[in-house]
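Only one structure is covered here, and it is reproduced in the block below.
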Amino acid sequence: MKTFWMNGAIVDEEDAKVSVLDHGLLYGDGIFEGIRVLDGRVVDLELHLQRLATAAKAIHLQLPALDYLRRAVLETTGALGVMDSYVRLLVTRGKGALGIDVASCGEPMVCCIAGDLKIYSASGEGIRLATVSLRRPAFDVLDPRVKSLNYLNNVMAKMEAKRHGADEALVLNSRGTIAEASVANVFARVDGVVMTPPTSDGALGGLSRRRALKLLTARGYETREASLTRFDLLGASEVFLTGTGAGVVPVGWLDGERLGQEREVSSLLASLVHDYAEEHGTPVPGLTALASGPVPAVAARATG
Ligand code: PMP
């Protein structure tokens with residue numbers, strides 16, 4: 001079951017259509033967010049809107065008002081009517097001429113889809129990573145922090161990993177240090193320190209990554225953003241991925257080698273998601289009412 005919101009209103013799937021002249025389709029010219037609803041609350045909604053707003057500036061796209069985008073997310077998830085869902089909010093450059101010049105494009109196209117997403121099949125053993133040959137472009141090519149509609153680098157990385165019999169790709173940058181996985185950030189606990197590559201190594205500034213660093217630091221863990229190599233992962237006591245779609249996912253193997261089997265940090269993070277959503281989630285009108293009585297007002301917290 002999915003619900004669709006296009007340019008201001010909930011529509012049926014048959015009507016959730018984009019022009020073949022939309023530059024999002026023609027050139028991958030647009031940006032998106034993947035957002036989680038947990039226990040009837042949109043997790044980190046304002047941070048997602050801020051990340052989208054920054055990406056819009058990076059590609060010189062005039063974003064509609066954040067209030068409009070906030071409404072898109074809350075109405076789409078409210079219409080879905082389930083307490084836990086995955087939401088895709090996307091904004092394209094809009095319909096234009098066949099040429100690449102954005103001057104021909106009219107209004108940006110906004111659409112939002114609420115449904116479900118499961119990226120890896122659960123296994124207590126952890127998932128299998130394969131180092132892929134395809135490198136992550138440097139930030140002077142296209143800053144990987146822009147969550148753009150051009151995900152070919154990620155799609156191809158995932159395809160290559162699956163060809164090697166793995167579940168997910170380990171993507172390196174042109175220096176050979178780790179950027180991230182195809183759709184998730186990488187963490188490794190080395191000598192007790194929980195480390196993740198800096199975004200300047202080609203990682204998206206993942207919100208689950210941000211949350212993990214924050215929650216762990218608050219609980220006294222030593223955390224660090226540091227360049228990591230495959231060697232670091234092979235020697236780590238625990239390796240895991242984080243992402244909105246992925247969740248917190250233990251990694252069991254890298255290129256066929258068994259990795260450290262501790263699960264202390266990843267289990268802790270997984271156990272904190274509901275409390276975090278309670279504290280940092282924006283209630284979806286109508287949904288939280290199902291669980292706890294009166295309909296809450298739409299949260300009008302800090303805007304990005
Ligand atoms: N890296 C990439 C390339 C991604 O697509 C995602 C998913 N949005 C992530 C990392 C994780 O980011 P987040 O925690 O914000 O979902």
Side-chain angles (χ1 to χ4, degrees), residues 28 30-38 42-55 58 73 84-91 112-120 127 129 132 134-139 141-161 167-173 177-188 194 196-216 223 225 228 239-249 251 266 269-270 272-273 276-277 280-282 304:
I31 48 180
F32 74 100
E33 283 295 317
I35 306 171
R36 190 54 78 183
V37 174
L38 207 57
V42 186
V43 180
D44 281 338
L45 176 57
E46 300 309 321
L47 293 176
H48 280 287
L49 294 177
Q50 272 171 30
R51 183 168 70 181
L52 191 77
T54 309
V73 174
D84 301 321
S85 61
Y86 174 83
V87 187
R88 182 66 57 87
L89 174 65
L90 54 99
V91 185
C112 189
I113 308 163
D116 199 11
L117 179 72
K118 191 165 184 298
I119 297 184
Y120 313 110
I127 62 162
L129 284 189
V132 296
L134 198 81
R135 298 299 171 105
R136 176 56 47 90
F139 59 84
V141 178
L142 174 63
D143 197 318
R145 284 174 295 181
V146 177
K147 220 167 145 48
S148 87
L149 293 183
N150 188 332
Y151 249 45
L152 259 188
N153 183 266
N154 313 58
V155 170
M156 304 278 295
K158 175 89 175 187
M159 282 169 74
E160 190 177 332
D167 305 293
E168 174 56 295
L170 182 71
V171 183
L172 310 180
N173 56 38
T177 70
I178 295 167
E180 57 179 351
S182 72
V183 288
N185 290 108
V186 176
F187 282 79
V194 183
T196 190
T199 53
S200 52
D201 279 358
L204 181 80
L207 295 182
S208 321
R209 169 186 182 277
R210 178 187 186 277
R211 190 181 319 143
L213 289 171
K214 201 171 138 187
L215 292 172
L216 292 173
T223 61
E225 292 182 62
L228 296 173
V239 177
F240 59 94
L241 308 181
T242 63
T244 300
V248 182
V249 187
V251 178
S266 51
L269 287 172
L272 295 173
V273 292
Y276 186 89
H280 299 275
T282 301

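Note that ligands are numbered from 1 as they come in the structure, with each ligand's atoms numbered from 1 the same way.
Contact between Arg211 and ligand 1 is absent, with no heavy atom of the residue lying under 4.0 Å from the ligand. Heavy-atom distances between Ala184 and ligand 1 reach below 4.0 Å in at least one pair. Assignment of Ser182 to the shell around ligand 1 is supported, since a heavy atom sits closer than 4.0 Å. In this structure, Glu33 has no heavy atom closer than 4.0 Å to ligand 1.
For ligand 1, the polar-atom distance check against Glu180 finds a nitrogen or oxygen pair separated by under 3.5 Å. Considering backbone and side-chain N/O atoms, Gly245 never comes within less than 3.5 Å of an N/O atom of ligand 1. Checked by distance only, ligand 1 and His48 stay at 3.5 Å or farther apart across all their nitrogen or oxygen atoms.
Among all non-hydrogen protein atoms, the one lying nearest atom 5 (O) of ligand 1 is Tyr151 OH, 2.5 Å. For atom 8 (N) of ligand 1, the nearest non-hydrogen atom of the protein is Lys147 NZ, 2.7 Å. Nearest protein heavy-atom contact of atom 12 (O) of ligand 1 is Gly206 CA, 3.3 Å. The closest protein non-hydrogen atom to atom 14 (O) of ligand 1 is Ser208 OG, 2.5 Å.
Contact annotation: the side chain of Ser182 approaches that of Glu168 to within less than 4.5 Å [non-hydrogen atoms, C-beta and beyond].
Those atoms of ligand 1 that come under 4.0 Å of a heavy atom in Gly243, given as number and element, are 11 (C), 14 (O), 16 (O). Taking every heavy atom of Asn154 and a limit of under 4.0 angstrom, the matching atoms of ligand 1 come to 3 (C).
The closest donor-acceptor contact from the side chain of Arg209 to the backbone of Pro197 lies under 3.5 Å. The closest donor-acceptor contact from the side chain of Arg135 to the backbone of Val171 lies at 3.5 Å or more, if one exists at all. Although no hydrogens or angles enter the test, the distance criterion places no donor-acceptor pair under 3.5 Å between the side chain of Glu160 and the main chain of Ala169. For the pair Thr244 (side chain) and Ile35 (backbone), a donor-acceptor distance under 3.5 Å is absent. With hydrogens and angles disregarded, no donor-acceptor distance shorter than 3.5 Å links the side chain of Lys158 to the backbone of Asn153. Within the 3.5 Å criterion, the main-chain N or O of Val186 finds a donor-acceptor partner in the side chain of Thr196. For Asn185 (side chain) and Phe187 (main-chain N/O), no donor-acceptor pair under 3.5 Å exists by modelled atom type.
By the neighbour-count criterion of 12 heavy atoms within 6.0 Å, atom OH of Tyr151 is densely surrounded, having more than that number from other residues, nucleotides or ligands.
Note: Asp201 CG to Arg136 CZ = 11.5 Å, rounded to the nearest 0.5 Å.
The closest non-hydrogen atom to atom 6 (C) of ligand 1, taken over Val186, Thr242, Val183, comes from Val183. For atom 16 (O) of ligand 1, the choice among Leu241, Leu207, Thr244 with the nearest heavy atom turns out to be Thr244.
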